[in-house]
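Report on the following structure.
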Amino acid sequence: MPVATPVAQPIALLGTGLLGAAIATRLLQQGEQLWVWNRTPGRCASLLELGARGASEAAAAVAPAQWVITVLSDGPSTEAVLQGLGPALAGKGVIQIGTIGPDESQDLAAAVQGWGGRYLEAPVLGSRPEALAGQLQLMAGGSSELVAEAMPLLRHLATAPVHVGPVGSAMATKLALNQLIASLTHSFSLSLHLVQRSGVPVETFMALLRGSALHAPTFDKKLDRELQRHYGDPNFPTAHLRKDLALFEAAAQRAGLNASGLAGLLTLLQGATAAGLDPLDYCALHELTAGRAAAAEPG
């Protein structure tokens, strides 16, 4: 794996869940000086073995850093951590990767700037495998000057980071893409169930689908998981998909759009918690469209 030239400035990464840990691993492989923090300290253990430096408090990780990357679960969590740092962010660049609402991102940008820091939103499409390979699709929202300054760091994570526009625009783009993930997965699941219950061989249906303009690569990507009811080892959990779809609905309503068609899908996904699907791969919504009372065991 080729190693890029390090940015030569310490980096703090806050949030070492599935995506955060993969991003941290990638940065360490690229020779970066990395401090890591997580609310559950044990999740940093493997990164410390790779050479990261750990901190028991977010402020201790941020203190030596010039860049602060946040990969936290949602907007309120990100806001709480950054508010806790406050003026400690003065002079630092904050790169916010976690998927949050465009309005939440704009509020964070104003807060960080008020403390003397600089804020860039950089949501990504892709998950652990793409992060480890440095092949995420990264969307940057912020000033042209800050994007240019951060570009050597962003290129560790994505081969071609895209500057979408000002803060808020990249998050809106990310939510638009994740809405497609939810809607395509839902529609494919329903169609797959119907043809199976009608006695149509799956390969007959898939051959027709693949030969049409309706086909999307994600259908083949999730087909075996759905047929085998194997939803373990997730790269993107069902709970995160539900959270992002709710964020899209709210953003669409603020934009004056009629997003009422998503209400049924959101209601369906709300049943994932009781069914035990929240921590499993998002294609586990296949269990919900089947009308089953209980989920399959994680495979």
Side-chain angles (χ1 to χ4, degrees), residues 17-19 22 73 99 124-133 135-137 174-250 252 257-299:
L18 284 172
L19 180 59
S73 59
T99 303
V124 297
L125 193 64
S127 190
R128 182 173 175 79
E130 293 80 11
L132 292 172
Q135 295 178 348
L136 293 165
Q137 289 182 269
K174 170 65 159 121
L175 292 178
L177 291 166
N178 279 17
Q179 185 273 138
L180 288 173
I181 293 174
S183 294
L184 286 171
T185 303
H186 177 232
S187 61
F188 179 65
S189 173
L190 279 173
S191 293
L192 184 60
H193 277 309
L194 181 61
V195 296
Q196 285 185 289
R197 293 187 185 187
S198 301
V200 178
V202 170
E203 275 309 310
T204 299
F205 168 66
M206 292 303 299
L208 290 166
L209 179 58
R210 292 178 187 124
S212 75
L214 304 174
H215 181 254
T218 189
F219 299 156
D220 282 303
K221 183 178 179 181
K222 297 300 182 181
L223 177 62
D224 285 343
R225 274 186 175 269
E226 293 177 350
L227 292 177
Q228 301 300 322
R229 301 179 68 191
H230 167 69
Y231 312 119
D233 305 316
N235 288 321
F236 186 36
T238 303
H240 290 186
L241 182 67
R242 180 177 63 243
K243 180 262 294 183
D244 291 353
L245 187 61
L247 288 173
F248 175 89
E249 182 188 47
L257 302 175
N258 184 346
S260 59
L262 295 177
L265 180 50
L266 276 169
T267 298
L268 182 79
L269 286 169
Q270 286 164 2
T273 303
L277 304 177
D278 275 0
L280 304 183
D281 189 86
Y282 65 88
C283 71
L285 68 81
H286 194 57
E287 296 294 308
L288 301 174
T289 56
R292 298 188 180 103
E297 290 296 321

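The distance from the OG atom of Ser127 to the OH atom of Tyr282 is 9.5 Å, given to the nearest 0.5 Å. Here the CG atom belonging to Leu265 is positioned 10.0 Å from the CD atom belonging to Gln270, to the nearest 0.5 angstrom. The line from CD of Glu287 to CG of Leu280 is 9.0 Å long, rounded to the nearest 0.5 Å. Here Thr218 contributes atom OG1 and Leu180 contributes atom CG; the two are 10.5 Å apart, rounded to the nearest 0.5 Å. Annotation: the span from Leu241 atom CG to Leu285 atom CG amounts to 7.0 Å, rounded to 0.5 Å. Taken to the nearest 0.5 Å, the CD atom of Glu226 stands 7.0 Å off from the NE2 atom of His193.
Inspection of the Asp220 and His215 side chains reveals an N or O donor paired with an N or O acceptor under 3.5 Å.
Contact check for Val202 versus Gln196: side-chain heavy atoms found under the 4.5 Å cut-off. Inter-residue side-chain proximity for Val124 and Gln137 is flagged as unmet; no heavy-atom pair is nearer than 4.5 Å. The closest side-chain heavy-atom distance from Leu18 to Pro237 is below 4.5 Å. Proximity of Phe236 to Asn178: side-chain heavy atoms (C-beta onward) are separated by under 4.5 Å at one or more points. Inter-residue side-chain proximity for Phe205 and Ser191 is flagged as met; some heavy-atom pair is nearer than 4.5 Å. Counting heavy atoms from C-beta outward, Glu130 and Asn235 have side chains that stay 4.5 Å or more apart. With contacts defined as side-chain heavy-atom distances shorter than 4.5 Å, the pair Pro217/Lys221 does not qualify.
Looking at every heavy atom in both residues, Leu266 comes nearest to Ala246 through CD2-N, 3.7 Å. Across all their heavy atoms, Arg197 and Ala290 have their closest contact at NH2-O, 3.1 Å. Residues Gln179 and Ser183 share a closest heavy-atom pair of OE1-OG, 2.6 Å. The two atoms that bring Asp244 and Leu175 nearest to each other are O-CD2, 3.7 Å, heavy atoms only. The minimum heavy-atom distance linking Ser189 with His286 is given by the pair OG-ND1, 2.6 Å. Scanning all heavy atoms of the two residues, the minimum distance from Phe248 to Leu262 falls at CD2-CD1, 3.5 Å.
The side-chain contact (heavy atoms from CB on, under 4.5 Å) search around Ala22 returns Arg128, Ala131, Leu132, not counting sequence neighbours. Judged as a salt bridge (charged side-chain N to carboxylate O under 4.0 Å, His left out), and not counting sequence neighbours, the contacts of Asp281 are Lys222.
Remark: of the listed residues Leu190, Leu192, Thr185, Leu190 is the sole one forming a side-chain contact (heavy atoms from CB on, under 4.5 Å) with Thr289.
A distance-only check finds a donor-acceptor pair linking the side chain of Thr238 to the backbone of Leu277 [under 3.5 Å].
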